[in-house]
Amino acid sequence: MSRVLEVRGLAKAFGGVRAVRGVDLDLQAGEMLALIGPNGAGKSTCFNLINGQLQPDNGSVRFLGRDVVGLPPRRIWRLGVGRTFQVAATFASMSARENVQMAFLSHHRRLRRLVGYAGDAYKQEACDLLERVEMRALADRAAGVLAYGDVKRLELAMALAHGPRLLLMDEPTAGMAPQERRSLMTLTSEIVRKEGIAVLFTEHDMDAVFSHADRIAVLDRGEKIADGRPEEVRRDSRVQASYLGSFGAQS
């Protein structure tokens, strides 16, 4: 496997609060790395630093060997970094297919030529991508009336439209029923492993984390306290004390 993401000494403070303190991360192609920790541990700040929404006080972020610190989010996105959000971002009045078409149009820099609709541009490509996320039958349904689990699948399709090499997923199963969570994470895992996409995701559902992550990194008060295979992290005494509790003690 080739290294897709390399983070070294990442640090960020807000006033007197050190949100991220010297975090190192590595991520390979086709690998799923879960970033977990209690509320306020620094997970979202790390995501925003990697994605360019925040600039670090110290440290480096290298994507495919290139230092991306200082680049705006759109530049980083165009290099091949996709992202989904805790609250799914779709165009509610557009159909599922049109949402994916818009993602293709944005990738190909054609949005300014449109007047409110996608027409037939990238229609087949959008349908093919919806097929991959098991939503082809819902292609013509407005995003605003879709079940929430389907909205999350749609957001995944939109994130995949520009062929990312790295996908950042912030709480991908937030607000979903248990069965929907398992289904989405299984689907994501199958797609990224088949296509060699590296995935960094945050998640509070520990069943989803331990079932699908290849490795788990744990933050506590901005500091990385563990990084390893799921079974190693589950047994780590510092992780049990700060976050997992009885879940970590399970065999």
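None of the values given here were measured: they were computed from a predicted structure. Residue indices begin at 1 and follow the sequence shown.
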**Message:** Do the side chains of Glu6 and Arg3 get close enough for a salt bridge, i.e. N-O under 4.0 angstrom?
**Reply:** yes
**Message:** Suppose we screen for salt bridge (charged side-chain N to carboxylate O under 4.0 Å, His left out). Which residues come up paired with Asp57, at least two apart in sequence or across chains?
**Reply:** Lys12
**Message:** Going by the rule side chain to side chain contact (heavy atoms under 4.5 Å, CB included), which residues pair with Asn48 if we only count those two or more places apart in sequence or in a different chain?
**Reply:** Gln53, Leu54, Arg83
**Asked** Who pairs with Leu64 by side chain to side chain contact (heavy atoms under 4.5 Å, CB included), at least two apart in sequence or on another chain?
**Response** Val4, Arg165
Only pairs under 3.5 Å count here: list side-chain donor-acceptor contacts from residues 134-141, not counting sequence neighbours, and write none if there are none.
{"from": "Glu134", "atom 1": "OE1", "to": "Arg153", "atom 2": "NH1", "distance (Å)": "3.2"}
{"from": "Asp140", "atom 1": "OD1", "to": "Arg97", "atom 2": "NH1", "distance (Å)": "2.3"}

**Asked** Is any NZ, NE, NH1 or NH2 atom of the basic residue among Glu195 and Arg132 found under 4.0 Å from an Asp or Glu carboxylate oxygen of the other?
**Response** yes
**Asked** Should the heavy atoms of other residues, nucleotides or ligands under 6.0 Å from CZ of Phe91 be counted, would the total exceed 12?
**Response** no
**Asked** Which one of Leu200, Val192, Ile197, Ile216 satisfies the side-chain contact (heavy atoms from CB on, under 4.5 Å) criterion with Met32?
**Response** Val192
**Complete:** salt bridge (charged side-chain N to carboxylate O under 4.0 Å, His left out) filter on Glu125, not counting sequence neighbours, yields none
**Prompt:** Do the charged groups of Asp26 and Arg62 touch, with an N to O distance under 4.0 Å?
**Reply:** no
**Residues that Asp236 engages under salt bridge (charged side-chain N to carboxylate O under 4.0 Å, His left out), provided they are two or more places apart** = none
**Message:** So, using side-chain hydrogen bond (donor to acceptor under 3.5 Å, both in side chains) as the criterion, who are the partners of Arg215 when residues are at least two apart?
**Reply:** Glu31, Asp227
**Partners passing ring pair (Phe, Tyr, Trp, His ring centres under 6.0 Å) against His162 (at least two apart in sequence or in another chain)** = Trp77, His107
**Request:** Report yes or no: do Glu203 and Thr173 form a side-chain donor-acceptor pair below 3.5 Å?
**Result:** yes
**Request:** Can you tell me which residue pairs pass the ring-ring contact (aromatic ring centres under 6.0 Å, His included) test with a partner in residues 169-204, sequence neighbours excluded?
**Result:** none
**Fill in**
Only one of Asp24, Val218, Leu35 passes side-chain contact (heavy atoms from CB on, under 4.5 Å) with Lys224, and that residue is Asp24
**Message:** Can you pull out every ring-ring contact (aromatic ring centres under 6.0 Å, His included) where at least one residue sits in residues 13-63? Sequence neighbours excluded, please.
**Reply:** none
**Item:** Those residues that, when tested against Asp214, pass salt bridge (charged side-chain N to carboxylate O under 4.0 Å, His left out) (two or more places apart)
**Value:** Arg193
**Val69: side chain to side chain contact (heavy atoms under 4.5 Å, CB included) partners, not counting sequence neighbours** = Gln55, Pro56, Val61, Asp67
